[in-house]
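For reference, the structure is listed below as structure tokens.
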Amino acid sequence: MKEIEKAYNPKGVEDKIYKKWEDSGFFNPDNLPGKPYSIMMPPPNVTGVLHLGHSLENSLMDAMARYQRLRGKKVLLLPGTDHAAVATQAKVEKILMEKGIKNPRQELGREKLLKEIRDFSENSKKIILGQIKKMGTSCDWSRLAYTFDEDRNKAVNEIFKKMYEDGLIYRGFRAVNWSTKGQSTLSDDEIVHIPRKAKLYTFKYSKDFPITIATTRPETKLGDTAVAVNPKDLRYKKYIGKEFDVDFVGQKLHIKVIADNSIDINFGTGALGVTPAHSLVDYEMGVKNNLPIIKVINEDGKMAGVAGDYEGLKIEDAREKIVDNLKKTGLLEKEEEIEQNVGTSDRFGDIVEVLPKTQWFVAVNKEIPSRGKSLKDLMREAVGKNGVKITPKRFEKVYFSWIDNLRDWCISRQIWWGHRVPIWYRLNSDLAEIYKQNPEANRHLLDSESRFVVSETNPGDNNDKDYWIQDPDTLDTWFSSGLWTFSTLGWPQKTKELKMFHPTNWMQMGHEILFFWMARMILMSSYALKEIPFKDIYIHGILRDENGKKFSKSSGNNIDPLEVIEKYGTDALRFSLLSGVAPGQDQRFYFEKVEGARNLVNKLWNISRYILTTVKKIERIEERPEPKTLYDKWILDGLDFTTSAVTTCMNRYEFSSASEIFLRNFTWGMFADWYIEVSKIEKNKDEILLYILERLLKLWHPFMPFVTEEIWKNFFDNDNNENLLMIQGWPEILKDKRDIKVEKEVKLIQETIVSIRNLRAENKIEPAKIINIELNIKNTKLFEENLAILEGLLRSKIQIKKSKSSVPEIKILIDEMDAEKNKLRIKKELEEKEKYAANLKQRLENKEFISRAPKNIVDAEKEKFTKVEEEIKNLRGQIESLS
RNA sequence: GGACGAUUAGCUCAGUUGGUUAGAGCGUUCGAUUCACAUUCGAAAGGUCGGAGGUUCGAAUCCUCCAUCGUCCACCA
């Protein structure tokens, strides 16, 4: 007889099995037959190690990949990591600062700092990849990619060039978001708004200026070049178009009064001081009205030279001084405290300033040559009816509203960790010399240089090589991760992989990167390949702790997935995550859940242990065995139904229903609790048990790959690769409907068994004691045929007597029965049934119901009524016989 | 300010086109250990589905309003 351990011990087997899978080559689609199916794993940032959220993603993707592989597809699950430009540099700089290096960029310089970041990220990468393996992820390691490796860099340069040539990438002097702390620009999406208290000042620039304005940022008013009013505002109509020279706290300003429909007549004074240099909204107004841009705040967060008396002051100090000044001159009319939202940098945390700067942008509204559409148009078309399906659908709306508000995308960053902007400027020899002496300080030489070309490498020849300077900036990290679905497949080369696996079939992600990533992938792919990068998108929620709080380092509630795996095993972790996932919905994680999952894994183990150690011969059963008894029919039908349901669920990305409702219920509730127990009584069921076990292992494999693979080994006496469960094929769907008659009969028997067990428990009859029972029933044949089961499961001697009742009337023939107690119980039951019957009766007497409800519903209600009537009669009889 | 989501048993959550006496897991109570599994087995208790209206023969499910919690977007200056 086969020896199998009493409990499943994941620790001993997981690593071995993973190695076996990896060595088999089946992670690589080249070794698989069938139609291609591809999933690109969202590359985790190399800022640190993986957390439970990543475990959820790995579980989702791997479950889908394994499911598709079992269904005979040529599955590519492509792994990778993301250099995460700003995030990683910010992180490493922080670590260095904690080590005492106050200003890492200054103290280390570009090359040394880059080395620090590279070392850090290589280390995180190693840990991350190890963690992905621990999760059992069946990804193709031979195609491992990194957003910052050579191939991906080529793709980045190529697309930059293409977009530049199409006029979609341009250099512009525009108002951009600026992080003083990070000393870099930011895209609109990298800003998080946080509420804070601020003071709103209402004042006039000067005594002779007719309009009062309000602001929370008086210091920026030094850069005002206009006042905007609503054209319908009668108070100010007469001033529109007029220009004024004013003396604002000692500075000369030239203010033009302009009309703009976006101005709210009822807010504040109904007039807005326009600062094109330091507000994105004002900047756009400035462009429309041709207003000059006056930059009064510098990159270091201090007032600029044009600010006159205020030059060199910190923003807060300048503000204070200006307010003082306004008070003194009596120009300040009101000062009130308001709640305001302020934009901060998501990575550096400081308040973001808006500054005018020369940067590189992607034009989203500009028409793409020979396509008659803008990037925005492409992005809009890609989702919805004829494009990507987002699950859940509501995120489509979120996406569209984001598109509508999209501005040109600033892609150049002043940090060092990232893809260098592939632009080279040709300076005059002396300027080149000056620049090289201090690049940081002489950046403006490049900004004002009109001779430049797009190139990966120095475009100069031996004569002027030294005068060509590459743009020191790097690209927004999302510029490179936007290419992920195709840069990983060899683009810009026309590889056969690209043709085979693009567009990808499925993409899953958290809703927090919908804009950052999904939108950019759609942009890049529909532009460069004219393909929407994926067919379906699945949005999952974020994992929270047991109190509903976000996991984060600062709240100290982080859980290391490896710790969970160590304690409960990977399969348990995977199942606990997958069984609770609902699209777009946040999910709580707690250890009781994993414990329950671990118990389920062990249950499957023990089911297998029982079957494999008791059957005469372990063998694979290809054909659906012929059912001999009622329970055989029931369980085989159940398996068919479960197979069909699980398949449907997986095709719809309903991981939770597939695993929790159907598989768990069938495995534990039907197969273990009933059928295996029955098989001990009815005997000779090796074929059916083995047949079901094999299919169960396959159905469970996407959710719990390790334990199923480990059990599967017992079917073979060698460990050839082609015997691995992961490629054995998905169970065939034979039929998806259960036989209603069989269903009903089994239900009747099970209800009878439960009732009798209940009676035993209530009357405190020892479970071991054999008792005599009399069953009065119309359908004696059914009960006679299943007598052995009833007697076996109930430890009873049962006499079946013919009666008119279609529900069994149970009599326990024993002295210890407490008649009073019994009567009470029956009375209670009777009451409930009578209430129910009254309910049904009312419904059936309602003419509207009879005439309007569909016939099958009415018939079902009638049937229910006759049944409950019978039960009531039965119970009444029992009471009588007891008294 | 705008949009979206959640509210179902003590806890965590299912409930897919409106039609079962509203389900599961955990927890609780009672009982069981030579027979695959105490990481187990058996039994039970526990909910007027956030509130108020409406549509319908019929509402946890659809509509309106309200309440509470949460998320995203947005520089009302």
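Here the structure is a predicted model, which means the values were calculated and not measured. Quick note on labels: first sequence line is chain A, next is B, and so on, each numbered from 1. No hydrogens, no waters, no symmetry mates; every other heavy atom, side chains included, goes into these values.
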Check every strand shown and say whether A:L514 touches a base, only sugar-phosphate, or nothing at a heavy-atom separation below 4.0 Å. nothing
With a 4.0 Å cut-off on heavy atoms, is A:V754 in touch with a base, just the backbone sugar-phosphate, or nothing at all? sugar-phosphate
In terms of side-chain heavy atoms of [X], which of [options] is nearest?
X      : options             : value
A:N405 : B:C73, B:A77, B:A45 : B:C73
A:D673 : B:G70, B:C76, B:C41 : B:C41
A:S279 : B:C75, B:A43, B:A77 : B:C75

Starting at the 5' end of nucleotides 19-32 of chain B, put B wherever the base has a protein heavy atom under 4.0 Å, S where only the sugar-phosphate does, and a dash everywhere else. BSB--SS-------
Walk along nucleotides 13-18 of chain B from 5' to 3' and tag each nucleotide B, S or - by protein heavy-atom contact under 4.0 Å, base first, then sugar-phosphate. SS-B--
Check salt bridge (charged side-chain N to carboxylate O under 4.0 Å, His left out) between [X] and all other residues, then give those that pass, not counting sequence neighbours.
X      : result
A:E339 : A:K197
A:D545 : none
A:E660 : none
A:K616 : none

Give a yes or no on whether [X] atom [atom1] has more than 12 heavy-atom contacts from other residues, nucleotides or ligands under 6.0 Å away.
X      : atom1 : value
A:E335 : CD    : yes
A:E336 : CD    : yes
A:R795 : CZ    : no

Residue list, side chain to side chain donor-acceptor pair (under 3.5 Å) with A:D260, at least two apart or on another chain: A:S262
Any residue meeting side chain to side chain donor-acceptor pair (under 3.5 Å) with A:W674, in chain and number order, not counting sequence neighbours: none
Using atom [atom1] in both nucleotides, what's the gap between [N] and [M] to the nearest angstrom?
N     : M     : atom1 : value
B:G25 : B:A14 : P     : 16 Å
B:A38 : B:C72 : C1'   : 47 Å
B:A52 : B:U48 : C1'   : 15 Å
B:U7  : B:U34 : P     : 46 Å
B:G54 : B:A59 : P     : 12 Å
B:C63 : B:C4  : P     : 12 Å
B:A36 : B:G31 : C1'   : 22 Å
B:G18 : B:U61 : P     : 11 Å

Does the base of B:C4 carry an N or O that pairs as donor and acceptor with the side chain of A:K397 under 3.5 Å? no
Does one side chain, of A:E869 or A:T866, offer a donor that lies under 3.5 Å from an acceptor on the other? no
Does a donor on one side chain sit under 3.5 Å from an acceptor on the other, for A:W409 and A:D189? no
Short of 4.0 Å, heavy atom to strand atom, which residues of residues 211-225 of chain A count as contacting RNA chain B? A:A214, A:T215, A:T216
Applying ring-ring contact (aromatic ring centres under 6.0 Å, His included) to A:Y653 and not counting sequence neighbours gives A:W506
A:F395: what forms a ring-ring contact (aromatic ring centres under 6.0 Å, His included) with it, not counting sequence neighbours? A:H511
RNA chain B: 5'-proximal contact among A:V398 and A:K593 (nearest heavy atom): A:K593
To the nearest angstrom, how far is [X] atom [atom1] from [N] atom [atom2]?
X      : N     : atom1 : atom2 : value
A:N341 : B:G2  : CG    : C1'   : 13 Å
A:L200 : B:C76 : CG    : P     : 13 Å
A:E333 : B:A77 : CD    : C1'   : 15 Å
A:I258 : B:A77 : CD1   : C1'   : 13 Å

Tightest non-hydrogen contact, residues A:I771 and A:I765, listed as CG2-CG2, 3.9 Å
As a test of your reading of the structure, name each stem of RNA chain B as range with range, where a stem is three or more consecutive Watson-Crick or G-U pairs at under 3.5 Å. B:1-7 with B:67-73, B:10-13 with B:23-26, B:28-32 with B:40-44, B:50-54 with B:62-66
Does the side chain of A:L693 reach to within under 4.5 Å of the side chain of A:S608, using non-hydrogen atoms? yes
